[in-house]
Amino acid sequence: AQKITQTQPGMFVQEKEAVTLDCTYDTSDQSYGLFWYKQPSSGEMIFLIYQGSYDEQNATEGRYSLNFQKARKSANLVISASQLGDSAMYFCAMREGRDRDDKIIFGKGTRLHILP
Amino acid sequence: EAGVAQSPRYKIIEKRQSVAFWCNPISGHATLYWYQQILGQGPKLLIQFQNNGVVDDSQLPKDRFSAERLKGVDSTLKIQPAKLEDSAVYLCASSWGGYEQFFGPGTRLTVL
């Protein structure tokens, strides 16, 4: 079974609209971390946001927020007021266990296109 | 602060040839990761180092791939001999023990 599932291969969104990128995960660990990374066409992976499994509040970083629904094993990324520069691949990822150096498992990604 | 450096950025080789990639992590980062990202997929961890030691190499094809991290700083990843299916972007990342991994720009390998 896949650990991280991103069901949207591609999305087209009008500039300035809000965007929700879906992510579901599968783990039996109580302690885990969830990540979102952005990969522009240049290829570099850019860290966006992190949510720990014990964090009670949803994580936010500027225009990014993570809609964490633990019971549903869902960790959707919300981008408010989208910009043309948000066009990129977006990857959801998970680290299982307490050790912060444990490996991260990535989903297959969602390609986001922002339309002017 | 300088980021993770990788070289070369691009490499084209024939199948059965060998190739090596180099990574210089962010200064002070003890943990170093090598990922393989095949087109259309997310990165897959190949090997993880903690200082000089290997923490996880369960997904490294050891019959053809090897990696080392001398003195707990720079690292090299080698493929010998290369196969067509090794065409991918090879990403290096490092971390200091926090939850964030910092990625380099990657090396795009094409095997003909």
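Chain naming here is simple, since letters A, B, ... match the order of the sequence lines and numbering starts at 1 in each. Below, each value reflects all heavy atoms present in this structure, side chains not excepted, and no hydrogens, waters or symmetry copies.
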Original post:
What is the minimum heavy-atom distance between B:Arg9 and A:Ser42, and which atoms define it?
Top reply: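 Minimum heavy-atom separation between B:Arg9 and A:Ser42: NH2-O, 3.9 Å.
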
Original post:
Considering all heavy atoms of both residues, which atom of B:Gly104 and which atom of A:Glu44 are nearest to each other, and what is their separation?
Top reply: O-CG, 3.8 Å

More than 12 heavy atoms of other groups within 6.0 Å of [X] [atom1]:
{"X": "B:Leu39", "atom1": "CG", "value": "no"}
{"X": "B:Arg108", "atom1": "CZ", "value": "no"}
{"X": "B:Lys71", "atom1": "NZ", "value": "no"}
{"X": "B:Glu85", "atom1": "CD", "value": "yes"}
{"X": "B:Gln59", "atom1": "CD", "value": "yes"}
{"X": "A:Lys108", "atom1": "NZ", "value": "no"}
{"X": "B:Lys15", "atom1": "NZ", "value": "no"}
{"X": "A:Gln57", "atom1": "CD", "value": "no"}

Original post:
So what's closer than 4.5 Å to chain A heavy atoms on B:Ser58: side chain, backbone, both or neither?
Top reply: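 The side chain, not the backbone.
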
Subject >> Under 4.5 Å from any heavy atom of chain A - which part of B:Gln6 >> reply: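 Interface part for B:Gln6: neither.
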
Original post:
What distance do A:Gln39 atom CD and B:Leu91 atom CG have between them, rounded to the nearest 0.5 Å?
Top reply: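 Taking CD in A:Gln39 and CG in B:Leu91, the distance rounds to 6.5 Å.
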
**OP:** Please assess B:Gln101 against A:Tyr37 for the test side chain to side chain contact (heavy atoms under 4.5 Å, CB included), listing each intermediate value before the final yes or no.
**Re:** CA-CA 10 Å; B:Gln101 293 184 15; A:Tyr37 280 85; 3.7 Å; yes

**OP:** Determine, step by step, whether B:Tyr33 and A:Ile104 satisfy the side chain to side chain contact (heavy atoms under 4.5 Å, CB included) criterion, reporting the C-alpha distance in whole Å, the side-chain angles of both residues, the deciding distance to 0.1 Å, and the verdict.
**Re:** CA-CA 10 Å; B:Tyr33 312 80; A:Ile104 293 176; over 6 Å; no

Original post:
What part of A:Ile105 gets closer than 4.5 Å to chain B, counting heavy atoms only: side chain, backbone, both or neither?
Top reply: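 Neither part.
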
Subject >> Proximal component of A:Gln6, with respect to chain B [non-hydrogen, under 4.5 Å] >> reply: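 It is neither, since no heavy atom gets under 4.5 Å.
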
Answer whether the closest heavy-atom distance between the side chains of [X] and [Y] falls below 4.5 Å.
{"X": "B:Gln37", "Y": "A:Phe91", "result": "yes"}
{"X": "B:Gln41", "Y": "A:Phe106", "result": "no"}
{"X": "A:Phe47", "Y": "B:Phe103", "result": "no"}

